[in-house]
Amino acid sequence: MKKGFAILISLILCLNLCAAASAEGDWTIFVYLCGSDLESESGFATDNMQEMIDARTGSNVRFVVETGGACAWNNGVSADTLDRYAIAEGRRDLVARQPLAGMGESETLADFLRWGLAAYPAAHVGLVLWNHGSGSINGVCFDELADDESLSLKDIENALQSVQGLLPQGFDFIGFDACLMGTVETAAMLAPHARFMVSSQETEPGSGWNYAAIGRYLYAHPYADGAELGRAICDSYYQNCCMVEQEDGATLAVIDLRQIGALRAAFDAYAKDLLAVTEGNADYGPIARAVADADNFGGNNRSEGFTNMVDLGGLILAGRGYSSHASDALAALNASVLYQVRGMDHDGASGLSIYYPLEVQGSTELGIFKDVCISPYYLELANKVAYGFVNGGNWEGYSSGWDADWDSAAQQGQSSAISFDIKPYLDEDGTYAFALTQDSIRNTESVEAVVYLVSPDGRDYICFGLTSDILGDWESGVFLDNFDGYWFALPDGQPLCVYLVDRRDGYDIFTSPVSVNGRETNLRFAWDYTTGEVRVMDLWDGVGAHGVASRPGETLKPGDRIVPLYDAYSAASWEDSRYTGGAYAWGFGDTLYFELLPDGDYLYSFCINDIYGGSYVTDSVSFSVYGDQIMYNTIP
């Protein structure tokens with residue numbers, strides 16, 4: 001009797017231990033699936049849901065999904081309600097249905113989390129925000145049904161605070177299957193609410209994360225923590241990028257949110273030194289030029305728009321010669337980034353971005369940044385750069401905490417921060433040159449040149465974009481053109497309008513506005529300036545009117561009809577218009593070429609960019625191309 005009782009007690013204890021072990025291995029991953037045009041046009045959201053089903057996770061691992069934010073859905077998902085699904089063991093079950101609400105509203109996210117945490121508790125809990133992302137200013141989850149209203153960082157913070165009592169230990173991880181959300185401002189907002197963040201500095205292809213791999217990993221490793229799962233998310237994401245030939249531009253990182261406090265403190269000390277450089281007669285120009293040369297994400301050019309997301313490590317390195325705290329800030333940054341994957345186009349990316357006003361978009365943007373900035377000294381610096389833009393580079397009237405109501409659209413015309421010791425002139429050898437004053441050297445961020453084709457009837461100037469092939473001496477302020485008449489062109493010889501996206505080691509990345517099969521977009525390509533070869537990358541729609549950063553990943557296919565697009569300006573009034581080239585049918589094995597411009601008459605002007613986001617465009621020099629000859633004429 002006693003022996004049998006002892007065996008029974010042992011069995012009960014064993015079952016209890018097994019139940020406890022199972023509970024410790026429980027995972028619930030909440031996925032806030034705002035479909036938008038990614039679903040209505042391409043079905044990417046329901047594709048990712050199918051991956052969750054295909055994972056066949058077992059009973060201890062489940063994805064809990066809320067769908068909404070798209071005007072049309074696939075695979076039985078309703079566009080007229082917010083649907084809630086539990087996905088586990090190879091099944092997708094509709095478990096709740098809510099009235100339609102904006103997925104760009106904080107309360108919609110909060111309601112989903114309150115319901116989900118009560119209905120599906122687990123030892124380990126993750127959250128994924130799925131959609132378009134745009135970085136620290138405009139946030140994530142743009143609702144197609146609500147004029148692209150999005151969740152700002154403050155909106156996300158409010159939603160997480162509302163469920164803090166339901167999850168005292170916080171989320172094991174919070175991830176963004178969205179573009180550009182790998183920012184230090186995002187990490188600082190999440191730090192009180194989660195242990196790890198998984199996010200990308202750069203845009204993501206439409207296919208996004210690999211949820212089948214995520215589910216299978218947790219099924220095989222039920223006791224994994226957020227860091228281990230984050231590594232698996234990064235590795236499987238990079239494999240996905242390879243499958244769609246998007247690995248060169250890929251970034252994804254696991255951020256240890258416990259380290260963000262130390263990073264904020266170290267960066268604040270560094271930012272204080274950086275701000276001091278702008279005081280008195282100190283020269284901030286070299287720092288601004290180094291920041292502009294640092295890795296950046298999401299376009300940041302005239303064709304694709306601006307996100308103003310710059311690599312945090314690059315920004316710290318830009319001012320290391322001016323701050324004794326730069327090494328501490330870099331060390332704190334490195335301690336925060338536990339793991340990352342990155343392609344060759346971002347091989348030096350640090351894992352976190354930061355807002356920097358490369359192109360000041362207006363006072364609304366700065367007002368948003370004020371609420372999320374991690375350092376009061378850095379906020380002063382950003383404000384001061386904006387003030388310089390509004391006031392032509394003059395910081396004399398700046399006062400701490402400056403705030404103004406202004407619109408960048410009104411800040412046009414020539415930069416008053418630029419002046420010349422020697423005005424632009426054409427010498428007897430046909431070289432176009434100028435010399436800046438010493439004050440202007442300090443105010444100059446970069447020098448480019450813009451090339452226009454004069455239309456055959458002489459009425460319009462057709463812009464071919466910008467070239468940075470300039471010879472310059474930053475000590476003397478003397479700059480010379482280094483233009484040889486070569487330009488990027490389609491296989492049929494049509495020149496493209498091109499803008500520089502980024503400089504890399506051995507190659508540059510460019511973008512060109514085009515129409516492909518009737519849809520306006522941008523063609524991205526890389527030019528190896530050591531071999532002269534051009535690598536066509538992908539098509540990207542750029543940054544939209546509401547700050548929506550499109551997902552890249554679409555490539556040119558044989559048979560696609562590509563039409564070059566150009567801005568054109570009236571020779572009489574400089575009134576702008578749109579000019580289109582001829583259609584070219586892309587063929588198998590086609591590439592772009594770097595060749596001499598077609599015969600015709602052209603204009604060439606320097607574009608001098610100041611450190612505040614303004615520019616000065618010089619008078620033009622004319623030149624003609626005939627055969628393999630290029631002849632400069634005079635300044636009109």
Side-chain angles (χ1 to χ4, degrees), residues 32-39 44 69-70 102-106 109 128-144 146-157 159 174-190 197-206 208 249 251-253 295-312 346 349 352-362 364-373 382 408 501 511 521-522 540-553:
Y32 193 66
L33 199 66
C34 181
S36 71
D37 61 319
L38 295 171
E39 173 61 23
F44 286 129
M103 295 197 81
E105 297 178 9
S106 180
L109 173 60
V128 179
L129 299 174
W130 189 105
N131 184 242
H132 293 292
S134 67
S136 300
I137 302 302
N138 293 302
V140 69
C141 294
F142 293 81
D143 190 320
E144 186 178 41
D147 196 29
D148 284 331
E149 181 183 20
S150 63
L151 290 171
S152 69
L153 296 190
K154 296 299 290 185
D155 288 335
I156 299 170
E157 181 179 41
I174 296 177
F176 295 87
D177 191 355
C179 302
L180 302 165
M181 297 306 296
T183 77
V184 69
E185 294 90 358
T186 306
M189 178 274 294
L190 293 183
M197 177 176 82
V198 183
S199 52
S200 172
Q201 292 180 267
E202 187 53 284
T203 53
E204 289 189 354
T251 64
L252 199 65
D295 203 355
N296 65 85
F297 308 94
N300 296 311
N301 59 73
R302 290 175 173 86
S303 179
E304 297 171 334
F306 285 80
T307 63
N308 289 325
M309 294 294 109
V310 173
D311 186 67
L312 178 57
H346 296 294
L352 283 172
S353 305
I354 190 169
Y355 172 83
Y356 183 90
L358 295 169
E359 172 101 350
V360 183
Q361 305 293 300
T364 299
E365 179 175 301
L366 291 169
I368 295 171
F369 182 58
K370 181 179 180 180
D371 289 336
V372 300
C373 183
S408 62
V501 174
T511 187
T521 185
N522 297 280
W540 189 48
D541 290 351
V543 180
H546 299 279
V548 183
S550 302
R551 291 198 183 192

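Note that the coordinates shown come from a computational prediction; the quantities given were computed from them, not determined experimentally. Sequence positions, counted from 1, serve as the residue numbers for this chain.
- The two residues Gly69 and Cys34 make their nearest non-hydrogen contact at CA-SG, 4.1 Å.
- For the pair Gln201/His346, no side-chain contact is recorded, criterion being any heavy-atom separation below 4.5 Å from C-beta on.
- Panel note: side chain Asn301, backbone Ser303; a donor-acceptor pair is recorded below 3.5 Å.
- Side chain of Asn300 to main chain of Leu358: no donor-acceptor pair is present (N/O by atom type, distance under 3.5 Å, no hydrogens or angles).
- Of all heavy-atom pairs between Gly182 and Ser199, the closest is CA-OG, 3.2 Å.
- Remark: side-chain polar atoms of Ser106 are paired, donor with acceptor, to backbone N or O of Asp155 under 3.5 angstrom.
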(request) Take Ser36 and Asn131, measure what side-chain hydrogen bond (donor to acceptor under 3.5 Å, both in side chains) needs, and give me the verdict at the end. (result) CA-CA 7 Å; Ser36 71; Asn131 184 242; 2.8 Å; yes
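- Using a 4.5 Å heavy-atom threshold, the side chains of Cys141 and Tyr32 count as touching.
- The OG1 atom of Thr511 sits 13.5 Å away from atom CZ of Arg302, with the distance rounded to the nearest 0.5 Å.
- Under the 3.5 Å distance criterion, the side-chain polar atoms of Thr203 are left unmatched by any main-chain donor or acceptor of Leu180.
- Interatomic distance, CZ of Phe369 versus OG1 of Thr364, reported as 15.0 Å (0.5 Å rounding).
- In this structure, the separation between CG on Leu38 and OG on Ser550 is 8.5 Å, given to the nearest 0.5 Å.
- Asp37 and Arg551 are not joined by a salt bridge, as no carboxylate oxygen comes within less than 4.0 angstrom of a charged side-chain nitrogen.
- Here CG of Asp177 is found 11.0 Å from CZ of Phe44. Values are rounded to the nearest 0.5 Å.
- No side-chain heavy atom of Asp148 sits less than 4.5 Å from a side-chain heavy atom of Asp143.
- What you find for Val184 and Ile354 is that their closest heavy atoms are CG1-CG1, 3.8 Å.
- Counting heavy atoms from C-beta outward, Val548 and Asn138 have side chains that stay 4.5 Å or more apart.
- Between the side chains of Asn308 and Glu365, at least one donor N or O sits under 3.5 Å from an acceptor N or O.
- Between Ser353 and Asp311, the side chains place no donor N or O within less than 3.5 Å of an acceptor N or O (distance only, hydrogens not considered).
- Between the side chains of Thr251 and Ser200, at least one donor N or O sits under 3.5 Å from an acceptor N or O.
- Within the model, atoms NE2 of His132 and CD of Glu144 stand 8.0 Å from one another, a figure rounded to the nearest 0.5 Å.
- Side chain of Glu304 to backbone of Asn522: no donor-acceptor contact under 3.5 angstrom is found.
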(message) I'd like to know whether Leu129 forms a side-chain contact (heavy atoms from CB on, under 4.5 Å) with Met103, so could you lay out the CA-CA distance, the side-chain angles of the two residues, the decisive distance to 0.1 Å, and finally the verdict.
(response) CA-CA 11 Å; Leu129 299 174; Met103 295 197 81; over 6 Å; no
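- Looking only at side-chain heavy atoms (C-beta outward), Leu109 and Leu151 come within less than 4.5 Å of each other.
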(request) Show your reasoning for whether side-chain contact (heavy atoms from CB on, under 4.5 Å) applies to Val198 and Phe176. (result) CA-CA 6 Å; Val198 183; Phe176 295 87; over 6 Å; no
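- For Glu39 against Ala70, the heavy-atom pair with the smallest separation is CB-CB, 4.2 Å.
- Atom OG1 in Thr186 sits 7.0 Å away from atom CD1 in Ile156 (nearest 0.5 Å).
- Between the side chains of Thr183 and Ser136, at least one donor N or O sits under 3.5 Å from an acceptor N or O.
- With contacts defined as side-chain heavy-atom distances shorter than 4.5 Å, the pair Leu352/Met197 qualifies.
- With sequence neighbours excluded, the residues that form a side-chain hydrogen bond (donor to acceptor under 3.5 Å, both in side chains) with Glu204 are Trp209.
- Taking 4.5 Å as the limit, some side-chain heavy atom of Phe142 sits within range of a side-chain heavy atom of Ser134.
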